[in-house]
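Every heavy atom of this structure was used, including side-chain atoms; hydrogens, water molecules and symmetry mates were not. Order of appearance sets the numbers: ligands from 1, and atoms from 1 within every ligand.
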Amino acid sequence: MRVLVTGAGGFVGKHLVAELRSRNHEVIATALTSREDPHIGSLSSLPLTDYSLIKQFIELTQPDILFHMAAQSKVMKSWQDPSATISANTLGTIHLMQAMLEVCPDSRFINVGSSEEYGLAGKDGKPLTEEAACLPQNPYAVSKYAAGQLVIQLAKKHRLQAIHLRPFNHFGPGQEEGFVISDFASQIVKIEKGLISPILKVGDLSAQRDFTYCADIIDAYVSIVEKPLPNGMYNVCSGTPRRIQDILDHLLELSNTPIEIVTDTEKWRPSEVPLFVGSSRLLELQTGWKPRTDFYEGLKETLIWWRNK
Ligand code: GDD
């Protein structure tokens, strides 16, 4: 398959490109600006807000599959710049779909959304299925929800092959700061190395999230590339809610340095969703995928990565 991966320079994107290539797929890796990546080589520039450039690029590359991961992916940043978030995440997705419709209507479109789209729908703690009525609570969540609805509706109207994925939280080596596990692990390591005072700043520790290790996310994405799924929405998750406080406690146990925990009001969110847990039964039925990595092993690997960085 010839697969065009947008957001290929990101945390999950890099692993996905490498894995697809190792399975003999031809991968066209794109990012916002062209550059050389030490792990996956050349990234071509594909600015998602410029429709004519996107169309030209799709005409030139003629992919069998468009795997769209590029996004402004931080919830906090979406409050600081909602219009840039909508522009990158929602408009960018429509542009790609429109180009596909005009240039390669027989290709498959795989769009990466987010569990954030469910918002308060999950607050009663029952595993969210794809049918749950979404109540998104921040501009990032709205941007992904709108993109997902457009993907599904455009596909229906024009008989395109398109799916919208809703991955829940993921983590692992290589994830940048700005996400909870990397924020905690990076601070612990800076404290261990004496680079900062022994104070770890945290946000809301009462929230619960459903985390999947990056290698398992890649397995899910590869199986989706290799097996066409019926159009629709698909969750990618572990099915286990984890309290952020418990994750912090476990990471602290993995370090023998005394650390004081301090709440940083800057890290509190204007509108917090207390709990997300999902069901990936639909994806499991279609592909046989299940996450395999032990969560605590994943935490250990992540901390080791920050120590060796
Ligand atoms: N980032 C961060 N940093 N979050 C913290 C911290 C901290 O120091 N302390 C507590 N939290 C809490 C947040 O308030 C939130 O409830 C939870 O930890 C998870 O925060 P993030 O890791 O920032 O993830 P997210 O849930 O907001 O969004 C991520 O997951 C989505 C999928 O559900 C992002 O990766 C999104 O791009 C992704 O779509």
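- Taking the centre of each ring, Phe168 and Phe211 stay at or above the 6.0 Å mark.
- Taking every non-hydrogen atom of Pro167 and a distance limit under 4.0 Å, the qualifying atoms of ligand 1 come out as 32 (C).
- With respect to Arg166, the salt bridge (Lys or Arg N to Asp or Glu O under 4.0 Å) criterion is satisfied by exactly one of Glu117, Glu130, Glu131: Glu117.
- Closest protein heavy atom to atom 17 (C) of ligand 1: Ile244 CD1, 3.8 Å.
- In this structure, atom 30 (O) of ligand 1 lies nearest to the protein heavy atom Asn169 ND2, 3.3 Å.
- Side-chain polar atoms of His68 and Thr93 form a donor-acceptor pair below 3.5 angstrom.
- Residue Gly178 has at least one N or O atom closer than 3.5 Å to an N or O atom of ligand 1.
- Not a single salt bridge (charged side-chain N to carboxylate O under 4.0 Å, His left out) links Asp216 to another residue, sequence neighbours left out.
- Distance from atom 23 (O) of ligand 1 to its nearest protein heavy atom, with residue and atom name: Arg269 NH2, 2.7 Å.
- Inclusion of Val180 in the set of residues having an N or O under 3.5 Å from an N or O of ligand 1 is warranted.
- Considering backbone and side-chain atoms alike, Gln175 places every N or O at 3.5 Å or more from each N or O of ligand 1.
- There is no side-chain donor-acceptor pair under 3.5 Å between His158 and Gln153.
- For the pair Phe276 and ligand 1, no heavy-atom separation below 4.0 Å is found.
- Near Ser73, meaning under 4.0 Å from one of its heavy atoms, ligand 1 places the atoms 34 (C), 36 (C), 37 (O).
- A donor-acceptor pair shorter than 3.5 Å cannot be found between the side chains of Gln161 and Asn231.
- Close contacts between ligand 1 and Ala207 involve ligand atoms 16 (O) [criterion: under 4.0 Å to a heavy atom].
- Note on ligand 1: Ala71 sits outside its first shell, no heavy atom being nearer than 4.0 Å.
- Neither side chain, His170 nor Thr212, offers a donor N or O lying under 3.5 Å from an acceptor on the other.
- Annotation: Phe211 places no N or O atom under 3.5 Å from an N or O atom of ligand 1; distance criterion only.
- Residue-level proximity to ligand 1 for Arg209 is carried by the side chain, the only part with a heavy atom below 4.0 angstrom.
- Taking a 4.0 Å cut-off on heavy atoms, Phe171 fails to register as neighbouring ligand 1.
- Counting only heavy atoms of the protein, atom 7 (C) of ligand 1 lies nearest to Asp183 OD2, 3.7 Å.
- In this structure, a donor-acceptor pair under 3.5 Å is present between the side chains of Asn235 and Tyr118.
- Given atom 28 (O) of ligand 1, the protein heavy atom at minimum distance is Val75 CG2, 3.9 Å.
- Of the protein's non-hydrogen atoms, the one nearest atom 9 (N) of ligand 1 is Gly203 N, 2.9 Å.
- Using a 3.5 Å distance cut-off with no hydrogens or angles, the side chains of Thr302 and Gln175 do not pair a donor with an acceptor.
- Note: Phe171 and Phe295 meet the aromatic proximity criterion, with ring centroids under 6.0 Å apart.
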